[in-house]
Amino acid sequence: MHAPVYGRALANGDGERYDFRPMFAEIRAFVTQADLAVCHVETPMADGPPSGYPLFNTPRALAGAIEDSGWDACTTASNHALDQGRAGIAQTHRALERAGLQHTGTATSRADGDEPLIVDVQGVKIALLVYTESTNGLPVPDPWAVNIMDAEAILEDARAARRSGAQAVLVNLHAGTEYAHEPSPAQRRIVRRLTRSPTVTAVIGQHVHVVQPIERVNGKVVVYGEGNLVSNQTAACCAPGAQDGLIALLVLTIRGGGDVRVERVRYVPVHVRRPDFAVLPVGEALEDGEGDRAALRASYERTVGVVGRAEGISPLPAELP
C-alpha cells in the first residue's frame with residue numbers, strides 16, 4: 001500500500017475517507033466464488049497517519065474493503081509485519097476483526113501464536129500456517145510476534161494442526177529474492193522439505209513482487225509467488241512484471257478416509273491499471289474493452305510465460321480472446 005495507492009483511495013472517498021473498494025471491484029467475482037478466500041496483507045493497519053516505503057502504515061479502511069471484496073481470512077506474516085512494532089500488530093488484528101476477517105501469521109501473545117487457524121469450509125477443516133523469511137532487519141520484539149520461516153518449526157506446527165483436527169494444511173511462505181521470477185535456492189529447499197511431509201497439503205507464496213512458477217513438488221501443488229495484487233510498482237522503479245499478479249484457485253478434493261488433496265489449480269492473471277490502481281483480471285478486461293490492450297496482452301504473456309501450463313495447472317482464460 002504505497003502512498004499513491006492510499007492517496008487514490010482518499011480521492012475515491014472524496015477526500016473525506018479512504019475507499020479501497022473500487023480497486024478490487026473487477027476481481028470480486030473470482031474472490032466471492034471461492035468457498036475459502038485468503039488474501040495476504042503485507043503492511044500493518046495501525047493508529048496514526050498513513051505512510052509508505054520503507055515503514056508502511058495503511059489506513060484501516062482497507063480491512064473493510066477486503067471483507068467487502070469477498071475475502072474470508074488474511075495472512076499477516078511479511079517482511080513489513082513489524083513496521084509499526086507490537087502496537088501495529090495488535091491494531092492490525094483489531095482492524096481485521098472489526099471487519100469480520102480471520103487472520104494468522106502474527107500474534108500478540110504466546111497463547112495466540114500457539115493456536116493454529118483452522119477454518120471450517122463446508123465441513124472440511126483447513127489449517128492456514130503462515131511464515132516470513134525476513135523482517136527487513138527489524139528485531140522481533142517477542143518470539144510469537146511474527147512467524148519466522150523455519151522448516152522444522154513449520155512441520156511441528158503442521159503436526160499440531162493435524163492433531164487439532166485439520167484435514168488439510170496450507171502453508172503460506174513470504175520468501176524469495178525480490179523481482180526474481182525464478183524461486184531462490186532457499187525457497188526450493190524448504191518447499192522440498194515441506195512437501196515430503198504427509199502433514200502438508202500445499203504451499204502458496206508471495207513477497208518477490210513478480211509472479212513465480214506453479215509446480216508440483218513431491219506430488220503437492222506449490223504456488224511459489226503470486227506477484228503483486230495492488231501496488232504502485234512499475235517497470236520504471238522495479239521490474240517489468242511488477243504490475244502483474246495472479247489469483248490462485250486451488251481445487252481441493254476429499255478422498256476416501258478423509259484425505260484432502262489439491263487436485264488442480266487454475267490461476268487468473270491480473271494487472272494493476274494506473275492511475276486508479278484497479279486490479280483487472282486480464283482476460284475479462286480484454287473481453288470488456290477495459291484498460292490498455294497492448295499492456296494487458298503483454299501482462300498475460302509475461303505471467304503465463306513464467307507460471308506455465310501443466311497437467312492440472314492452467315491459466316484462466318486458457319487463451320486470450
Side-chain angles (χ1 to χ4, degrees), residues 1-2 5 38-43 52-54 56 75-83 105 130-138 146-151 154 170-195 202-218 220-248 250 265 267-272 274 279 282 295-310 313 315:
M1 282 297 163
H2 299 102
V5 179
V38 183
C39 80
H40 177 69
V41 173
E42 181 152 4
T43 56
Y53 183 83
F56 286 91
T75 64
T76 56
S78 82
N79 58 315
H80 289 288
L82 295 175
D83 281 8
V130 188
Y131 308 85
T132 181
E133 188 177 38
S134 161
T135 60
N136 288 347
L138 295 175
V146 58
N147 293 340
I148 302 300
M149 193 174 82
D150 173 81
I154 295 170
L170 305 181
V171 176
N172 191 103
L173 301 178
H174 195 77
T177 302
E178 290 191 343
Y179 312 120
H181 292 291
E182 174 63 23
S184 69
Q187 280 179 282
R188 291 200 178 275
R189 281 195 301 272
I190 195 166
V191 159
R192 287 195 296 269
R193 179 72 183 90
L194 297 178
T195 55
V203 180
I204 302 96
Q206 303 90 20
H207 170 57
V208 305
H209 304 297
V210 293
V211 298
Q212 293 183 317
I214 299 177
E215 300 174 349
R216 288 190 184 272
V217 181
N218 293 318
K220 312 281 182 69
V221 163
V222 177
V223 182
Y224 276 102
E226 295 180 299
N228 283 334
L229 187 70
V230 61
S231 80
N232 186 49
Q233 291 180 324
T234 68
C237 75
C238 307
Q243 287 174 267
D244 305 335
L246 64 87
I247 299 171
L250 278 64
V265 56
Y267 61 94
V268 182
V270 297
H271 184 73
V272 181
R274 291 160 59 91
V279 183
V282 175
L296 290 169
R297 284 187 170 275
S299 175
Y300 181 92
E301 296 299 336
R302 277 193 303 265
T303 295
V304 175
V306 169
V307 180
R309 293 182 172 93
I313 300 170

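Worth knowing before you read on, the calculation uses all heavy atoms, side chains too, and leaves out hydrogens, waters and symmetry mates. Just so you know, these numbers come straight off a predicted model, no measurement behind them.
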State, to 0.1 Å, how close Q187 and G176 come at their nearest heavy-atom pair, and which atoms those are. OE1-CA, 3.3 Å
Min side-chain heavy-atom separation E42-F56 under 4.5 Å: no
Is there side-chain contact between L194 and V217, with heavy atoms separated by less than 4.5 Å? no
How long is the straight-line distance from OG1 of T195 back to CG of N218, given to the nearest 0.5 Å? 4.0 Å
Got a second to check how far I154's CD1 is from N147's CG, nearest 0.5 Å? 8.5 Å
Side-chain heavy atoms of V223 within contact of V307, under 4.5 Å: no
Heavy-atom nearest pair, V211 first then T303, reads CG2-CA, 4.0 Å
H174 pairs by side chain to side chain donor-acceptor pair (under 3.5 Å) with which of N79, T132, T75? N79
Quiz item: cation-pi between R309 and Y267, 6.0 Å / 45°: no
Rounded at 0.5 Å granularity, tell me how far OG in S134 sits from CD1 in I148. 8.0 Å
Quick one: do V222 and I214 satisfy side-chain contact (heavy atoms from CB on, under 4.5 Å)? Show the steps, please. CA-CA 6 Å; V222 177; I214 299 177; over 6 Å; no
Find out whether V203 and I190 are in side-chain contact, i.e. whether some heavy atom of one side chain is under 4.5 Å from a heavy atom of the other. no
In terms of heavy-atom contacts, A180 and V208 come closest through O-CG2, 3.8 Å
N172 vs Y131 side-chain heavy atoms within contact, under 4.5 Å: no
Once you round to the nearest 0.5 Å, how far does OG of S78 lie from CG of N136? 8.0 Å
Side chains of Q243 and N228: is there a donor and an acceptor less than 3.5 Å apart? no
Salt bridge between E215 and K220, side-chain N to carboxylate O under 4.0 Å? no
For H271 and S299, the nearest pair of non-hydrogen atoms, with its separation, is ND1-OG, 3.3 Å
Return yes if some donor-acceptor pair links the side-chain N/O of D244 with the main-chain N/O of V270 below 3.5 Å, else return no. no
Would you indicate whether Y53, at its atom OH, is surrounded by more than 12 heavy atoms from other residues, nucleotides or ligands within a distance under 6.0 Å? no
Nearest heavy-atom neighbours spanning L246 and G225: CD2-O, 4.1 Å
Contact between T177 and H207 at the side-chain level, heavy atoms closer than 4.5 Å - yes or no? no
Are V171 and I204 side-chain neighbours, meaning at least one heavy-atom pair lies under 4.5 Å? no
Tightest non-hydrogen contact, residues P240 and A235, listed as CA-CB, 3.7 Å
Any donor-acceptor pair under 3.5 Å linking the side-chain atoms of Q233 with those of Y179? yes
Going through the distances and angles, do R216 and V221 end up as a side-chain contact (heavy atoms from CB on, under 4.5 Å)? CA-CA 5 Å; R216 288 190 184 272; V221 163; 3.5 Å; yes
Quick one: are H209 and C238 in side-chain contact, heavy atoms under 4.5 Å? no
